[in-house]
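Accompanying notes for the structure given below.
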Amino acid sequence: MKKISQILTLLFISLSFNSCTSDLEVEPNDPLRLDEETFYSEPGAYTNAIAGIYGNLSLTSTNGAFSSNLGGIDAGFSQYGRVVWYLNNLTTDEAIWSYEGGNDIGVRELQRNIWDASNPFFRGMFSRAMLQVALSNEFLRQSTPDKLNSRGISATEQTEIAFYRQEARALRALAYYHLMDFFGKAAFNTENDAIGVAGPEYNRAQLFGFIESELLEILPTLKSPRTNEYGRLDQGFARMLLAKIYLNAEVYIGTAKYNECATQCTELINSGYTLNPNYKNNFTADNNISPELIFAIQSDGVRTQNYGPTTVMINGQVGSLEQNGNDMGIQGWGGALRLRKQFVEKFNGSEFNSDQRKNIISGSRNIEITNVTDRDQGYILFKYSNKTSTGIAGSNSTFADTDFPLFRFADVYLMYAECAVRGASTATLSQATTYVNLLRERANNGSSSANISQSNLTLDFILDERSRELHWEGHRRQDLIRFNKFTGGSYNWAWKGNGVNGIALPQHMKLFPLHPATLASNPNLTQNTGY
């Protein structure tokens, strides 16, 4: 499916999403309305339908970059990967956005940690994730054995559709995972619920239980790791998502599950994934060929034009002073994104002099950002690129070909290491040290000069190493919360809480609020404490 070759043009055939999944206001992409029997009896209908569910991760509509199939919100503010990135990275010590006014309403509040419930990105994330749930549910309703037989679908096709069904369930689990992580709750619906009925509110514990049981149930029936076509998920995806919920289980349900996390990590390590020998090739326009990507949100400069995470990041990396867009194969926005000082300082020390992950451009810049709108302040990053690993520019100079690495194998090594440090009986510190050193040797072109000893493996080290390895990949907020560094004042960063040097945040900000439009759409939903 690289790059998304078939996208369902009628994503919402015969569905009434107006209230069933909370605040969707779904707008059809095409005035033509086919009934479900006509559509699903067409050749390739089920392939198109599952592509539409995957496409919801990448696209905001099928009518171009400025169009959205969700009403009441700017297209870019509801792009799945972009909102995941904004909520997990702009709210932390890793990045800051220069343009806080005009059309970028809501960004200022996110990156200064002064948001309220009216922030449009909260509406965008909740609605986009619930649309994913709705699309998955409808696919499952339309692909039962009885439906397939009544429509004359051949046995050969039914075999592949059976895989599609399990993938739809996994994609639904991913949407509920993000809702659980960001909001701590969601409206709950499955394919067994009637369309148009507002779902009950599920809390974190209920969502955790559903996600875990779904993934464990479908895991044996998904395709084996690295055997599915690129862009479709497999058992590796399910194990990665399980590892993620287990890693954060203390936050989600108040019970540690580091043993379970380490077990899933070990399974992944034995599943055939390998590190890309070149760290930077995980973030190029042809990163779809990297053996390290477990699952990515696809991007194509011609066929999936939208302002998703890699288009925003690569254009945003181009410096206002450097004007280095040609180096990245993109026009650039002249200083839109910069680095907060605390992230830059993670690479202080001679052991990082040759580290490939230190893609930081300082030049004549001041490391301090005393004025957020001054694009010349603060260092900039050159991690993502719209050029291939061989230096060929992407297909478009505005929209990136680079896929967003939602799950990457390097994270598995770091999760295993964290579980070992936290005392998991299914992980050892010696093995954890080996895994961390594999990452460090890769970062240093095979040299062991920056390797660590087992005594260096502490929680503080793990948190910093995760940022060095995984920065700008949508993990940082979750990591800081798990390490009790996001709220409170034990760790501050530039503009945290709207203070130039950072101030403490109240505990309720570990969760985001629900937008008023979301609450209004479903009487079962309640606002989070503190908002």
Find out whether [X] and [Y] are in side-chain contact, i.e. whether some heavy atom of one side chain is under 4.5 Å from a heavy atom of the other.
X      : Y      : result
Thr92  : Lys496 : no
Gln132 : Arg172 : no
Glu473 : Phe283 : yes
Glu157 : Tyr46  : no
Tyr99  : Val107 : no
Trp333 : Val318 : no
Ile114 : Arg108 : yes
Arg466 : Asp411 : yes

If only atom types and distance count, is the side chain of [X] paired as donor or acceptor with the main-chain N or O of [Y] below 3.5 Å?
X      : Y      : answer
Asn56  : Gly52  : no
Tyr54  : Leu233 : yes
Tyr531 : Leu511 : yes
Thr311 : Tyr307 : no
Asn386 : Ile330 : no
Gln305 : Gly301 : yes
Gln206 : Asn203 : yes
Asn287 : Asp403 : yes
Asn288 : Tyr230 : no
Thr60  : Ser67  : yes

| ring pair (Phe, Tyr, Trp, His ring centres under 6.0 Å) partners of Phe343, counting only residues at least two apart |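 With neighbours one apart ignored, the set is Phe347, His471.
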| field | Pairing residues for Phe407 by the ring pair (Phe, Tyr, Trp, His ring centres under 6.0 Å) criterion, not counting sequence neighbours | value |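 Scan of Phe407 (ring pair (Phe, Tyr, Trp, His ring centres under 6.0 Å), adjacent residues dropped) gives Phe237.
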| Please walk me through it: do Glu292 and Tyr273 pass side chain to side chain contact (heavy atoms under 4.5 Å, CB included)? | CA-CA 6 Å; Glu292 192 169 336; Tyr273 298 100; over 6 Å; no
Side-chain H-bond candidate by donor/acceptor type, [X] with [Y], under 3.5 Å:
X      : Y      : answer
Thr47  : Tyr164 : yes
Thr390 : Thr388 : yes
Asn281 : Ser389 : no
Asn524 : Glu201 : no
Gln478 : Asn248 : yes
Arg477 : Thr91  : no
Asn69  : Arg128 : yes

Please name all residues satisfying side chain to side chain donor-acceptor pair (under 3.5 Å) with [X], sequence neighbours left out, ordered by chain then number.
X      : value
Asn528 : Lys185
Gln235 : none
Asn498 : Arg112
Gln79  : Asn306

Test of ring centre spacing under 6.0 Å for [X] and [Y]:
X      : Y      : answer
Phe77  : Tyr86  : no
Tyr202 : Tyr176 : no
Phe188 : Phe210 : yes

| Could you go step by step and tell me if Gln142 and Arg151 meet the side-chain hydrogen bond (donor to acceptor under 3.5 Å, both in side chains) rule? | CA-CA 10 Å; Gln142 297 297 335; Arg151 291 166 181 160; 2.6 Å; yes
Is the [X] ring parallel, tilted or perpendicular to the [Y] ring (thresholds 30°, 60°)?
X      : Y      : value
Tyr80  : His178 : perpendicular
Phe182 : Phe512 : tilted
Tyr384 : Phe404 : parallel
Phe122 : Phe183 : perpendicular

Spacing of [X] atom [atom1] and [Y] atom [atom2] [to the nearest 0.5 Å]:
X      : Y      : atom1 : atom2 : answer
Glu109 : Asp116 : CD    : CG    : 7.0 Å
Ile369 : Trp495 : CD1   : CH2   : 9.5 Å
Glu94  : His475 : CD    : NE2   : 9.5 Å
Arg169 : Phe139 : CZ    : CZ    : 12.5 Å
Asp74  : Ile105 : CG    : CD1   : 10.5 Å
Leu59  : Gln298 : CG    : CD    : 10.0 Å

| request: Decide yes or no on side-chain hydrogen bond (donor to acceptor under 3.5 Å, both in side chains) for Thr144 and Asp146, but give the supporting numbers first. | output: CA-CA 5 Å; Thr144 63; Asp146 287 345; 5.5 Å; no
| Test log, rule side chain to side chain contact (heavy atoms under 4.5 Å, CB included), inputs Lys383 and Arg357 | CA-CA 8 Å; Lys383 175 172 180 172; Arg357 304 171 300 180; over 6 Å; no
| message | Does Arg476 form a salt bridge (charged side-chain N to carboxylate O under 4.0 Å, His left out) with Asp93? I'd like the steps, not just the answer. | response | CA-CA 8 Å; Arg476 187 59 173 169; Asp93 59 348; 2.9 Å; yes
Closest approach of [X] to [Y] (non-hydrogen atoms, all atoms of both residues):
X      : Y      : answer
Ser143 : Arg165 : OG-NH1, 2.8 Å
Ala168 : Ser136 : O-OG, 3.4 Å
Ser58  : Ile297 : OG-CG2, 3.6 Å

Between the side chains of [Y] and [X], is the shortest nitrogen-to-carboxylate-oxygen separation below 4.0 Å, so that they form an ion pair?
X      : Y      : result
Lys223 : Glu160 : yes
Lys244 : Asp181 : no
Arg141 : Glu191 : no

| Has Ile361 got more than 12 heavy atoms of other residues, nucleotides or ligands less than 6.0 Å from its CD1? |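 Enclosed.
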